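Keep in mind it's a predicted model, so treat the numbers as computed, not measured. No hydrogens, no waters, no symmetry mates; every other heavy atom, side chains included, goes into these values.
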Amino acid sequence: MMRRGTPEADLQRAVVQGLRIALPRTAIIHHCANEVTEAGPRGAKRQAILVGMGVHAGFADLMVICEGRVLFLELKAPKGRLRPGQEAFRDAVQAQGFSWALVRSLDDALGALADHGFTTRISPAPRRPAP
């Protein structure tokens, strides 16, 4: 279901559904709700509580764990850009040997699985090189 004004949330729902079909049933697809959208002091207090509980700035939208592999997926709308915290997270996980990918479509997500050695039940569409 597409909702007006929420392109990244719509993309995330589509990617999660696609990954659930493509990956083995034993795969774990996890989203960490790592930010509060409520404005004002109440939202700031809630965000501070989450940070104290271990929320990490810039954490990827999805984490895929399957057959001994871990892949972090950052989902962005077609013109969306990474924030500095997201770039820092990407650099940190890659430096530790984990896989990370920027995803703008379901095809990107399926391609990222293939690029990082994940076994799927479907074949990804051919990928175009990033501009």
Side-chain angles (χ1 to χ4, degrees):
M1 175 175 161
M2 300 296 278
R3 294 191 175 137
R4 178 183 262 172
T6 61
E8 287 182 12
D10 293 338
L11 171 61
Q12 186 160 328
R13 281 188 285 276
V15 166
V16 168
Q17 284 181 317
L19 294 180
R20 285 180 178 155
I21 293 167
L23 289 167
R25 294 189 192 283
T26 56
I28 297 169
I29 304 160
H30 178 72
H31 167 70
C32 176
N34 57 349
E35 59 186 40
V36 175
T37 57
E38 185 177 353
R42 185 176 167 146
K45 181 178 180 182
R46 180 70 184 143
Q47 186 67 35
I49 290 169
L50 292 176
V51 169
M53 294 174 70
V55 166
H56 190 285
F59 198 92
D61 293 310
L62 294 173
M63 183 171 54
V64 180
I65 304 170
C66 185
E67 299 174 342
R69 297 182 183 279
V70 177
L71 172 62
F72 294 95
L73 299 175
E74 182 60 47
L75 284 71
K76 289 289 178 191
K79 295 183 180 179
R81 295 179 164 259
L82 294 176
R83 294 186 316 270
Q86 293 169 326
E87 291 175 344
F89 178 82
R90 173 201 60 205
D91 296 346
V93 297
Q94 288 179 327
Q96 294 180 50
F98 293 102
S99 300
W100 182 98
L102 177 63
V103 170
R104 296 181 189 278
S105 67
L106 176 55
D107 284 343
D108 283 354
L110 296 174
L113 292 176
D115 291 348
H116 295 283
F118 283 76
T119 302
T120 63
R121 296 184 280 182
I122 61 175
S123 298
R127 296 180 71 191
R128 295 184 318 215

task = Determine, using the 4.5 Å side-chain heavy-atom cutoff (strictly less than), whether Phe59 and Ile49 are members of one ILVMFWY cluster.
result = no
inquiry  = Which heavy atom of Leu73 sits nearest to which heavy atom of Leu75, and what is that distance?
reply    = O-CD1, 3.6 Å
inquiry  = So, using side chain to side chain donor-acceptor pair (under 3.5 Å) as the criterion, who are the partners of Gln86 when residues are at least two apart?
reply    = Glu74, Lys76
remark   = side chain to side chain donor-acceptor pair (under 3.5 Å) filter on His116, not counting sequence neighbours, yields Ser99
ask   = Under a 4.5 Å side-chain heavy-atom rule over Ile, Leu, Val, Met, Phe, Trp and Tyr, are Met53 and Met63 clustered together?
value = no
message = Show the nearest heavy-atom pair for residues Gln12 and Asp61, with the distance to one decimal.
response = OE1-CB, 3.6 Å
query = Atom CD in Gln17, atom CD1 in Ile29: separation rounded to 0.5 Å?
reply = 10.5 Å
task = With rounding to the nearest 0.5 Å, note down the distance linking CZ in Phe89 to CZ in Arg83.
result = 12.0 Å
Check: Leu113 and Leu19 side chains under 4.5 Å, non-hydrogen atoms = yes
query = So, Arg104 side chain and Gly80 main chain: donor-acceptor pair closer than 3.5 Å or not?
reply = yes
ask   = Looking only at heavy atoms, what is the nearest atom pair of Phe118 and Val64, with distance?
value = CE2-CG1, 3.9 Å
query = Do Val16 and Arg13 touch side chain to side chain, with heavy atoms closer than 4.5 Å?
reply = no
query = What is the minimum heavy-atom distance between Ala14 and Leu106, and which atoms define it?
reply = O-CD1, 4.1 Å
inquiry  = Show the nearest heavy-atom pair for residues Ala22 and Leu110, with the distance to one decimal.
reply    = CB-CD2, 3.7 Å
ask   = Which heavy atom in Val103 sits nearest to a heavy atom in Leu11, and how many Å separate them?
value = O-CD2, 3.8 Å
key: Rounded distance [0.5 Å steps], CZ in Arg25 versus CZ in Arg121   = 5.0 Å
ask   = Mind checking whether Ile21 and Leu71 sit in one hydrophobic cluster, side chains of I, L, V, M, F, W, Y counted as touching below 4.5 Å?
value = no
ask   = If you round to the nearest 0.5 Å, how far is CZ of Phe72 from CG of Leu62?
value = 11.0 Å
